[in-house]
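See below for the structure under consideration.
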Amino acid sequence: MTNAISVSGLVKTFGRTRALDGLDLTVRTGEVHGFLGPNGSGKSTTIRVLLGLLRADSGTARLLGGDPWRDATALHRRLAYVPGDVTLWPALSGGETIDLLGRMRGGLDPARRAGLIDRFELDPRKKGRAYSKGNRQKVALIAALASDVELLVLDEPTSGLDPLMEAVFQECVREERRAGRTVLLSSHVLGEVEALCDRVSIIRAGRTVESGTLAELRHLTRTSIEAEPSTAAPRLAGLPGVHDVRVTGDRVSCQVDGDALGAAVRELAATGVRSLVSRPPTLEEMFLRHYTTDHTAGDTAGDTAGETAGSR
Amino acid sequence: MSTLTGTGSMVLVILRRDRVKLLAWFGLVALIVVGVASAVGSAYPTEAARRAFAATTNGDPAQLFMIGPIYDTSAAGLGAWRVRGQAALLLGLATLLLVVRNTRGEEESGRAELLGSTVVGRHASLTATLTVAFCANLVTAALVTLGLAAVGFPVAGSLLAALSFAACGWVMAGTAALAAQLTGGARAAAGIASAVMAAWYVLRGVADAGPAPWASWLSPFGWAQGVRPFAGDHVWPLLPVAGAAVLLTGAAYLLAARRDLGAGLLPDRPGPAAAAPGLRGPFALAWRQHRGMLVAWTAGTLLLGAALGGTAQGIARQLGASDALRGLIERMGGGARPVDGFFATIVYLAAQVLTIYAIEATLRPHAEETAGRAAAVLAGPVGRVRWAAGHLAVAALGSVVVLAGLGLGIGVVYGLTTGTAAHEVPRLLAAALVRAPSVLVLAALAAALYGVAPRLAAPVTYTVLGGLLALELAVELGGADASILSLSPFARTPALPGAAFTVTPLLWLAAVAAALTAAGLFALRRRDLTG
């Protein structure tokens, strides 16, 4: 089994709303896969379909080699889930909740449980209703991380954690990956994604717009170049894949698509430069570009990206 | 008054949020009150018929317990008597739910925090809720006054009758406001307020049916009854009602000023750091969640049963003295002993009220689902059917236990007072338990609807329960044929301890309940999970 999760053409509608509109997602076994997208783009809906809580209207979804709807109970023995909005049983203490969820998954390792409670600095004696958002998330995280499963499905698990706990979480996820577990991590924390994820999928309006390693995605995004030509102004404006050429004084700046970078640099080299600053896209820029709704096909570089993110 | 800033806008928020519920509860109560009160007149058109009815009723402990004595034999007097209990209890219930929902319920959900951070005073929410509750009862009273006057009842009496009903709502508004300060959970607050209301009503009932009618003055429902509309029109009993409402409300404000948002009066005690070995699996979790409510309801039915058992001795003596009453009780199946007819009637009615427990417990999975806790369990290797069946099993067993509490309470106390406990306890226990299949049919209806259309489950099931109760009225007042009662599962069960035991209807009811439950579970497996 090479793919822990493979989803293609998934469609889910709620009344007139099309929450998932032909979504594709592939998570390879043993990788940490970042699942990104703006609010309301369908991340949680996808996860709920994968957990068999919702039934897809069309498309195929395979989870750990099984059908997430038909084989739900059997598959759930092999995965653990942390919801984005953790609600606990008000009268149960945190420790009781961890044990209960763990036992339902077939038992948890007491040493690992104790270690995680210690590392996450959780007071397990508090009642569910008394925990803050971050502490509720810790309860769910500990229950998930302490159980012996193949796949962790984490839906924005750190949105309420403080930076210290965030670091503990990252450490735990790395340990999970080293132990060979697969992680599907939905997150808005870009630093976390950059630090943890082998590959990411970005979705918008129920469709996948990008999928690949961060390096691959960077390649699909424009690099900004700022140069001080030594002689004549370089003829950048005419080159395909070069955008927003601006000349201010004796400086020229532009945005260059990943696959047009070579041509642009050759042109600059031909004219000669006194100084050159090239900046790869930051993660923020990359996401902002994918998250904003008004970008069109002409905006995206590369054929593959152009296809999927095309105007709808 | 800075703590009251924003009360006006909070009133608007409550009106907007609860517009359907307010209209449904309070509008419906007004309709029922006017409709039933005016129908009584046509059911007993002659003065002679009304006198005969009043004489029978005032000697019938079951009626005295449930509604209280008839004070006047005019059509209006009879009408006001007939709706007295329903109006008081329904307005009380509507008001306490309204108050708890908008105070503790909002705090528990966290919405109060969001609103509280805006320019809203600390007491604005409580004040706005009580304002809405006060006005809702007042408007209901105005509608009832107009309605009763329109059907030809004397205006002064109509007004006092309506005010005496609204007064019960006001007392319950204060009670609920106080209960909402005590606990951290809305469910528990509503439970406390309902228990207090039930205790007050039972106190009045026992007092009216037993040898000490003066004791009914210990209950707010006794004061409201003391207004005696169309039979002297006393205004002064409204004073203690108003006083109680003011005192309770004042206490609520006092506590509200001393506690933090979201906190109850008692601090949360820490729980165990690890779960007990037994807390594994969906059934154990369901039991843990149902435990509190089941204990409370069982304690309630035990007490109710004990109160009824305690009054039954005096009732038996009264029954022997009245020929007309013996005839009535015999028709209810009390052939051998008149007191058995009383027990059968009381258990028959109590079973319908206890059905509320069965429905609430059955719909617990729905609450779990909307809160998002169901997903946490179902994301584990727990099938939906197994998860829901855990809750349904606890709900079904709980319903049986609650009924057993009633039978046991009656049996033990009546048996001890008559010195025949060994004989009475099993008989009365059986009389209560035999009602279980009919209660479970309604619970199973809730389960079926939960599977198919979860959002409709509670409103539809309660409408059906209300409709079944209304069948009784249709037969009594509307001239409908008694055969339509056979639509009600409650009327299908043998009326023990008076009547003979037959097993066939019980098997049928059990089969219907099983089929409905199975249909619900089947549908649950196929639908999307919400929340």
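In what follows, chains are A, B, ... by sequence order, proteins preceding strands, each numbered from 1.
- Neither the backbone nor the side chain of A/Ala72 comes within contact range of chain B; no heavy atoms are under 4.5 Å apart.
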Q: Run the numbers on A/Thr73 and B/Val382 for side-chain contact (heavy atoms from CB on, under 4.5 Å), then give the verdict.
A: CA-CA 6 Å; A/Thr73 311; B/Val382 175; 5.9 Å; no
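- Of the residues considered (A/Arg78, A/Arg77, A/Lys12), A/Arg77 shows the highest number of contacts with chain B, using heavy-atom pairs under 4.5 Å.
- Interface remark: of the candidates B/Arg526, B/Arg527, B/Arg525, B/Arg526 forms the most heavy-atom pairs closer than 4.5 Å to chain A.
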Q.
What verdict does the side-chain contact (heavy atoms from CB on, under 4.5 Å) test give for B/Arg280 and A/Leu100, after you've listed the backbone C-alpha separation in whole Å, the side-chain angles of each residue and the deciding distance to 0.1 Å?
A. CA-CA 5 Å; B/Arg280 53 174 62 240; A/Leu100 177 77; 5.6 Å; no
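- Only the side chain of B/Gln289 has a heavy atom closer than 4.5 Å to any heavy atom of chain A.
- Within 6.0 Å of the CZ atom in B/Arg17, the count of heavy atoms belonging to other residues, nucleotides or ligands exceeds 12.
- Heavy atoms closer than 4.5 Å to chain A are found in the backbone of B/Ala276, but not in its side chain.
- In the displayed structure, A/Lys133 atom NZ is contacted under 6.0 Å by more than 12 heavy atoms of other residues, nucleotides or ligands.
- Contact of A/Arg113 with chain B is made through the side chain alone, with heavy-atom distances under 4.5 Å.
- For chain B, the option among A/Leu54, A/Leu75, A/Ile98 with the highest count of heavy-atom pairs below 4.5 Å is A/Leu54.
- Taking CG from B/Asp528 and CG from A/Asp57, the interatomic distance works out to 8.0 Å, rounded to the nearest 0.5 Å.
- Contact annotation for A/Arg125: both backbone and side-chain heavy atoms come within less than 4.5 Å of a heavy atom of chain B.
- Looking at A/Leu88, only its backbone comes within 4.5 Å of chain B, counting heavy atoms on both sides.
- Residues A/Arg105 and B/Pro381 form a side-chain contact, since some pair of their non-hydrogen atoms from C-beta on lies under 4.5 Å apart.
- Panel note: side chain A/Ser93, backbone B/Ala273; no donor-acceptor pair is recorded below 3.5 Å.
- For a residue to count as touching a neighbouring chain, one of its non-hydrogen atoms must lie under 4.5 Å from one of that chain's; by this rule A/Leu101 touches chain B with the side chain only.
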Q: Check step by step if side-chain contact (heavy atoms from CB on, under 4.5 Å) holds for B/Leu378 and A/Leu51.
A: CA-CA 8 Å; B/Leu378 294 173; A/Leu51 290 171; over 6 Å; no
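- The number of heavy atoms from other shown groups lying within 6.0 Å of CZ (B/Arg122) does not exceed 12.
- Electrostatic pairing of A/Glu96 and B/Arg288 counts as a salt bridge here, judged by a charged N lying under 4.0 Å from a carboxylate O.
- The line from CZ of A/Arg48 to OG1 of B/Thr530 is 8.0 Å long, rounded to the nearest 0.5 Å.
- Only the side chain of A/Arg129 has a heavy atom closer than 4.5 Å to any heavy atom of chain B.
- Within 6.0 Å of the CZ atom in B/Phe522, the count of heavy atoms belonging to other residues, nucleotides or ligands does not exceed 12.
- Between the CD atom in B/Glu368 and the OG1 atom in A/Thr87 there is a gap of 8.5 Å [rounded to 0.5 Å].
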